[in-house]
Amino acid sequence: MLDTVRQSWKALVEKELASYALTILGKEVELPELAVQTPPKPELGDLAFPLFAYAKILRTAPPMLAASLKERIGKIPDRPLGDLLVAGSYLNIRIDTAALATSLSMAIEAEGSHYGENRSLGDKRITIEFSCPNTNKPLHLGHMRNDSIGESISAIMKANGATVRKVNLINDRGVHICKSMLAYQKFGKGETPESTGMKGDHFVGKYYVKFAAWAKEEPSAEQQAQEMLQRWEEDDPVVMELWHRMNKWTLDGLSESYEKMGISFDHYYYESETYKYGKDEILKGLDKGVFYREEDGSVWVDLENIKLDKKVLLRKDGTSLYMTQDVGTAIMRHKDWPFDSLIYVVASEQQYHFKVLFHVLALLGHTWAEDLHHLSYGMVNLPDGKMKSREGTVVDADELLLQLTGLAAAEIRSKQREEQVGDVDKTSSAIALGALNYYLLQVNPLKDMIFNPTESISFNGNTGPYLQYMGARISSMLGRYESEGGDRTKRPFDSSLLTLSDERELIKQIALYPEVVARAGAELDPSLLCSFLYELSRLFSRWYHDNPVLKAGSDELVRARIELSAMVMQVLKNAFALVGIPFLHSM
RNA sequence: GCUCUGAUAGCUCAGCUGGAUAGAGCACUUCCCUCCUAAGGAAGGGGUCGGGCGUUCGAAUCGCCCUCGGGGCACCA
């Protein structure tokens, strides 16, 4: 909505520049495109057009040019509403925020939870793969970053008009899975998650750790695990029974974690079912002549034209590899649910793998291979270095969430807010989740991030709970307004009363929201929404601290400020939904 | 060796399709609850934007070189 205003001013200034050029030079000239910027301070207006670039061509000093343009445009009778300002070498515009507020209010009223969405992705069908845990241990912080990003990007793509299918590929086979099975067989003594009261994934994880300890003393441990894998591949009934049982334990545990973290999927794939896929596809490529066979029987792809090396696609014994599987699963997924685009949310260490994978799929002639994306995210490190499972520095997901929830509950109690909050457990879980998602999504996905436990459990400053607090404050304010007989659906309201600098800033920020949604989608970057949210909350916070809303004086001013607050709340709600922050009416 | 990626305040991060005195949060020093929830607000100190050269009227932002950090380059996943 802000963009419409911006574009109409830009077109107008460009037109006047051209006409000015004609007057000065007596002929038409090609002028550089006009840049539209935001002035650094509110006093300088809302839009800025730097004029440096025209000085030479028009033989006019930029401040002079700004003054001329101001005069010319000022005379145009049907120009857009707003004031023109000359600020040094810039021509600035103070837009008519009252008019903007009126149209925003109508738009938000009409669109509600859909305000900010767009149809830029049309009805594009996008499959998004994320999470993809192993079934031998519980989730840790690294998974949480993956899950937060995956869930958020899915929501963002939907908000940009796409139809999204979220898929999870469970890594439930392989030698690492056999390790926990083997350790359980040797040391488990028949205990179960039920008998020990442990969550299934933690229970299985315990045996994975146990295997590592045991392998230090028993040299044949690794080999025994390999043998078990062999038996698994041969469908040995004893191994299969154990495998089914232990996988169920882990998956039940993971489901519980997902549920708590607000993560869900439209479809689960299991590597035990997909790991043999892909072989036929590779052979098809061989027939087509896009791959080649070495003398020893292995199948390769030459990646010279994308400036990479050669890559094996099938072993000499004809068996599959990681790459083979991924080729197979991509094709199978497309058969299951024909997509236009596929996004993999996978750590940045696999960039090479995906470059090759996408190229191989293109070589096989799949048209959809042109729209494959690796949403690569950086590692999560701790202040004193990397997380290392061997050194026990891994931050466990369930534990962290539990700790955060406990702290939130303690905060509610210390403020004696139990009564207003109602369900303390539910509210503290929501606060914990908001804190965690915001902390993880705040950083640009591409970058490595440092997870500071002390900072992450703080609810002050630039945090999820700060945002939730602003939402809750507005909610209770609106509640009071209505309980005191106010009617906030009554329209129109007098937007011309919103003249304070902070009010103008808030109106612009609200108007900016749809653009942020679009950009977050285009750049696959939820952190843009986090920055936006923080800025919106900070503006609101400052404004309502200094300016009474319910006690503003006149009914009209109260009504106008209530409307502004309600708009902020709706935008907070909508944006929260895209970054996994639960909206709270009270906290 | 080849390649991708990063370096901004003591710490964690924004800003990077070039533009006006480089912004937040935390931490530190002050101040503000007879007033809609102080999970808040205000003020202050703190920066040669890793270094150099270049392009430009103008560079944290673009290009080249260098330094340092992280990843990747398996018939592992």
Side-chain angles (χ1 to χ4, degrees), chain A residues 35 37 39-41 44 48 50-53 55-56 62 87-90 92 132 134 171 173-176 271 275 294 296-300 307-309 311-326 347-353 355-356 376 378-379 381 383 386 408 411-412 414-417 420-421 431 435 439 442-444 446-452 454-456 458-470 472-474 476-481 484 527-528 530-531 534-535 538 541-552 561-562 565 586-587:
Chain A
Q37 294 168 353
K41 283 192 293 188
L44 294 170
L51 301 170
F52 305 94
K56 208 180 274 178
S89 299
Y90 294 80
N92 289 2
C132 306
N134 293 329
N171 195 326
R173 66 163 289 279
V175 71
H176 52 299
E271 210 186 299
Y275 83 107
E294 278 288 346
D296 65 2
S298 54
V299 178
W300 295 70
K307 288 177 184 162
L308 292 174
D309 218 342
K311 187 87 189 168
V312 193
L313 298 176
L314 278 180
R315 288 195 182 95
K316 62 184 170 199
D317 62 6
T319 54
S320 296
L321 288 137
Y322 177 40
M323 184 64 68
T324 326
Q325 285 174 47
D326 263 4
S348 59
E349 55 196 13
Q350 299 207 27
Q351 282 183 38
Y352 175 79
H353 172 77
K355 217 175 257 180
V356 175
S376 156
M379 307 216 306
N381 296 315
K386 285 190 184 182
E411 189 79 17
I412 292 169
S414 78
K415 292 187 186 336
Q416 299 179 316
R417 301 272 310 161
Q420 291 94 324
V421 154
I431 293 169
Y439 194 88
Q442 218 179 0
V443 181
N444 183 314
L446 263 159
K447 291 195 176 182
D448 286 354
M449 67 177 286
I450 291 176
F451 183 88
N452 184 326
T454 322
E455 201 179 288
S456 78
S458 160
F459 298 147
N460 302 322
N462 187 359
T463 63
Y466 171 83
L467 306 175
Q468 287 173 313
Y469 178 66
M470 287 310 139
R473 288 299 300 269
I474 300 174
S476 76
M477 208 153 70
L478 296 183
R480 181 166 299 195
Y481 179 68
E484 286 170 1
S527 74
L528 297 172
C530 293
S531 303
Y534 182 66
E535 183 62 19
R538 214 163 57 92
S541 193
R542 189 171 66 199
W543 171 68
Y544 94 117
H545 183 269
D546 297 340
N547 305 100
V549 174
L550 296 175
K551 292 168 187 162
R561 288 187 172 172
I562 279 290
S565 305
S586 182
M587 65 187 280

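Worth knowing before you read on, the calculation uses all heavy atoms, side chains too, and leaves out hydrogens, waters and symmetry mates.
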- Reckon A/Asn92 touches a base, only the sugar-phosphate, or nothing at all at heavy-atom distances under 4.0 Å? base
- Looking at every strand, decide which applies to A/Ser586 at a 4.0 Å heavy-atom threshold: base, sugar-phosphate, or nothing. base
- Report the distance from atom CG of A/Asn444 to atom C1' of B/A7, rounded to the nearest whole Å. 15 Å
- Task: Begin from the C-alpha positions of A/Ser89 and A/Leu51 and carry the test side-chain contact (heavy atoms from CB on, under 4.5 Å) through to its verdict.
- Result: CA-CA 6 Å; A/Ser89 299; A/Leu51 301 170; 5.5 Å; no
- Query: Does A/Gln37 or A/Leu446 map to a spot on RNA chain B nearer the 5' end, using the closest nucleotide for each?
  - Reply: A/Leu446
- Task: Answer with base, sugar-phosphate or nothing: what part of the nucleic acid does A/Tyr544 contact at a heavy-atom distance below 4.0 Å?
- Result: base
- Query: Once you round it to whole Å, what is the distance between P of B/A43 and NE2 of A/His545?
  - Reply: 11 Å
- Item | Syn or anti for B/C26 (syn when the glycosidic angle lies within 90° of 0) | anti
- C1' atoms of B/U48 and B/C32, separation to the nearest Å: 37 Å
- Item | Proximal nucleotide (of B/A39, B/G25, B/C36) relative to the A/Asn462 side chain | B/G25
- Touch check for A/Arg473, heavy atoms < 4.0 angstrom, all strands: base, sugar-phosphate only, or nothing? base
- Task: Indicate, with a heavy-atom threshold strictly under 4.0 Å, whether A/Ala408 touches base, sugar-phosphate, or nothing.
- Result: nothing
- Task: Tell me which nucleotide among B/A24, B/G40, B/A14 gets nearest to the side chain of A/Val443.
- Result: B/A14
- Query: Quick one: what's the B/S/- string for nucleotides 70-77 of chain B, heavy-atom cutoff under 4.0 Å, read 5' to 3'?
  - Reply: SSS--BSB
- Message: Categorize A/Met587 for me: base, sugar-phosphate, or nothing, with a 4.0 angstrom heavy-atom threshold over every strand shown.
- Response: base
- Using the C1' atoms only, state how far B/G72 lies from B/A77, rounded to an integer number of Å. 15 Å
- When you compare B/U8 with B/C49, how far apart are their P atoms, in angstrom units rounded to a whole number? 11 Å
- Task: State whether A/Arg538 places a side-chain N or O below 4.0 Å from either non-bridging phosphate oxygen (OP1 or OP2) of B/G41.
- Result: no
- Query: Rounded to whole angstroms, how far apart are CE on A/Met470 and P on B/G25?
  - Reply: 12 Å
- Would you please indicate if the ring centroids of A/Tyr439 and A/Phe451 are separated by under 6.0 Å? yes
- Task: Report the distance from atom CG of A/Asn460 to atom P of B/C26, rounded to the nearest whole Å.
- Result: 7 Å
- Does A/Ser531 place a side-chain N or O at less than 4.0 Å from the phosphate oxygens OP1/OP2 of B/A14? no
- Quick one: A/Tyr534 OH to B/G23 P, roughly how many Å, whole number? 15 Å
- Message: Which nucleotide wins on minimum distance to the side chain of A/Ala87, given the candidates B/U37, B/C13, B/A20?
- Response: B/A20
- Task: Mind checking A/Ala48 for me? I need base, sugar-phosphate or nothing, with any heavy atom below 4.0 Å counting as a touch.
- Result: base
- Message: Taking only the P atom of each, what is the distance from B/U34 to B/C11 in whole angstrom?
- Response: 39 Å
- A/Ser476 has a side chain; which of B/A20, B/C36, B/G15 sits nearest to it? B/C36
- Item | A/Pro39, nearest nucleotide to its side chain (from B/A14, B/C13, B/A20) | B/A20
- Centre of A/Tyr544's six-membered ring, under 6.0 Å away, within 45 degrees of the axis: is that where NZ or CZ of A/Arg473 sits? no
- Message: Check this one for me: any side-chain N or O of A/Lys56 less than 4.0 Å away from OP1 or OP2 of B/C57?
- Response: yes
- Nearest-nucleotide pick for A/Ile450, side chain only, options being B/A39, B/C13, B/G40: B/C13
- Query: Counting only distance, no hydrogens or angles, is the base of B/U3 paired donor-acceptor with the side chain of A/Lys355 under 3.5 Å?
  - Reply: no
- Minimum-distance nucleotide to A/Ser541 side chain [options: B/A7, B/G40, B/C36]: B/G40
- Message: Looking only at the side chain of A/Ile431 (C-beta and beyond, no hydrogens), which of the listed nucleotides B/A14, B/A39, B/C36 gets closest?
- Response: B/A39
